Structures are given as structure tokens and as C-alpha cells.
Amino acid sequence: MNDAHNDDILERLADVLNERRHGDPDHSYVAKLHQKGLNKILEKVGEEATETILAAKDAHLGSAEKASLVSETADLWFHSLVMLSHLDISHQDVLNELARRFDVSGLEEKASRVKDH
Ligand SMILES: N=c1c2ncn([C@@H]3O[C@H](COP(=O)(O)OP(=O)(O)OP(=O)(O)O)[C@@H](O)[C@H]3O)c2ncn1[C@@H]1O[C@H](COP(=O)(O)O)[C@@H](O)[C@H]1O
């Protein structure tokens, strides 16, 4: 698939993940994760987060290491989407939260929190 078809990949992937919740665990990795339950899904998110951090440490070394970081980050995002789907939370809620924060400086937001206390 080329980049021109990737604009709505999150949307399409989320649809597939929701469909697979009730799929056959013998034929679907996602269905198998749901069957194993939340603890297994969280274990995978933790594992992929650690692998992403380790890959990031080497990413300055060259293009192969950068490609490895991209791959690990994709694993992390994918398993995070499975986690949200398992808990009936739409990926759209995360996109909405990022949109809400858009253009709000992280430093200003933090300062406003301190003032509220
Ligand atoms: N994007 C992904 C995706 N990314 C990673 N993975 C799988 O995630 C797993 C993570 O890698 P690991 O090396 O940790 O896996 P593992 O050693 O087999 O895992 P464990 O046995 O240790 O739990 C691998 O099996 C990958 O194939 C994915 N599996 C599925 N998808 C998407 O989900 C859709 C539905 O997949 P199925 O449910 O399998 O049909 C696919 O069409 C894809 O679009």
C-alpha cells in the first residue's frame, strides 16, 4: 500500500480491530488477544513500549535502526488500539483529546494547572 492510501489507516484499522473482537481466535491474532483478556493485552502494551524505548536508544546509529524504531512504534500503537477496543473506548476519543490540546502550549497548560491549586 502506498502513502496516498494511508490517510485514513487508523480509521480502517480500528474498524477491523472492532470486527475481530468476536472473531475466531484460531484465525485472528486480535481475537486471540481479546480471548486471553485485559492482562495479556496490557502485557503486550508494556512489552512493546519497552521494545520501542530500546529501539529509540539506537535510532541515531543509522537507517536500519530508525526503521526498527518505526516498526516497534507501530507494534506499540497497534497494541494500544487493541487495548482501547477491549475497553470499549474509541480511538476517536484519543484523536479528539489531541485535537483539544492542539495549539495549547504544554508549558502554559502546566502553569494553568498549578494556578488552579
Ligand atoms: N497491525 C497489525 C499488527 N501489528 C503487529 N501484529 C502482530 O503482533 C504480534 C506482536 O509481535 P510479537 O513478536 O510480540 O508476537 P508474539 O511473539 O507472537 O506474541 P506472544 O505470543 O508473545 O504474545 C505479532 O504476531 C504481529 O504479527 C499485528 N497483527 C495484526 N495487525 C492488524 O490487525 C488486523 C487483524 O489481524 P488478525 O486479527 O490477526 O486477523 C491485520 O489485518 C492488521 O491490519
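None of the values given here were measured: they were computed from a predicted structure. Start at 1 and go down the list; that is how both ligands and their atoms are numbered.
Numbered from 1 in the order shown, with element, the atoms of ligand 1 that lie under 4.0 Å from a heavy atom of Glu48 read 10 (C), 14 (O). Near Glu47, meaning under 4.0 Å from one of its heavy atoms, ligand 1 places the atoms 14 (O). Close contacts of ligand 1 with Lys40, meaning ligand atoms under 4.0 Å from a residue heavy atom, involve 23 (O). Against a heavy-atom cut-off of under 4.0 Å, Asp75 is close to the following atoms of ligand 1: 4 (N), 5 (C). Those atoms of ligand 1 with a heavy atom of Leu13 less than 4.0 angstrom away are 32 (C), 33 (O), 44 (O). Listed by atom number, the atoms of ligand 1 under 4.0 Å from His79 heavy atoms are 8 (O), 10 (C).
Counting only heavy atoms of the protein, atom 34 (C) of ligand 1 lies nearest to Val16 CG1, 3.9 Å. Scanning the protein heavy atoms around atom 6 (N) of ligand 1, the nearest turns out to be Phe78 CE2, 3.6 Å. Nearest to atom 38 (O) of ligand 1 among the protein's heavy atoms is Ser28 OG, 2.5 Å.
With a 6.0 Å radius and a threshold of 12 heavy atoms from other residues, nucleotides or ligands, Lys66 has its NZ atom above the threshold. Summarising the local packing, CG of Leu98 is surrounded by more than 12 heavy atoms from other residues, nucleotides or ligands at distances under 6.0 Å.
Among Glu72, Glu19, Glu51, Lys44, the residue whose heavy atom sits closest to atom 17 (O) of ligand 1 is Lys44.
A salt bridge links Asp88 to Arg21: at least one charged side-chain nitrogen sits closer than 4.0 Å to a carboxylate oxygen.
In Tyr29, the parts holding a heavy atom less than 4.0 Å from any atom of ligand 1 are both the side chain and the backbone.
Looking at Arg20 next to ligand 1, an N or O pair under 3.5 Å apart turns up. Looking at ligand 1, you'll find an N or O of Val30 within less than 3.5 Å of one of its N or O atoms.
Inside a 4.0 Å radius of atom 32 (C) of ligand 1 there is at least one protein heavy atom.
The salt bridge (Lys or Arg N to Asp or Glu O under 4.0 Å) search around Glu43 returns Lys40, not counting sequence neighbours.
The distance from atom NE2 of His34 to atom NE2 of His86, rounded to the nearest 0.5 Å, is 7.0 Å. One distance of note links CG of Asn96 with CD of Gln92; it measures 4.5 Å at 0.5 Å rounding. Ile53 contributes atom CD1, which lies 10.5 Å from atom OG1 of Thr73 (distance to the nearest 0.5 angstrom). Atom CG of Asp24 sits about 9.0 Å away from atom CD of Gln35, to the nearest 0.5 Å.
Across every non-hydrogen atom of Leu84 and His91, the tightest pair is CD1-CA, 4.3 Å.
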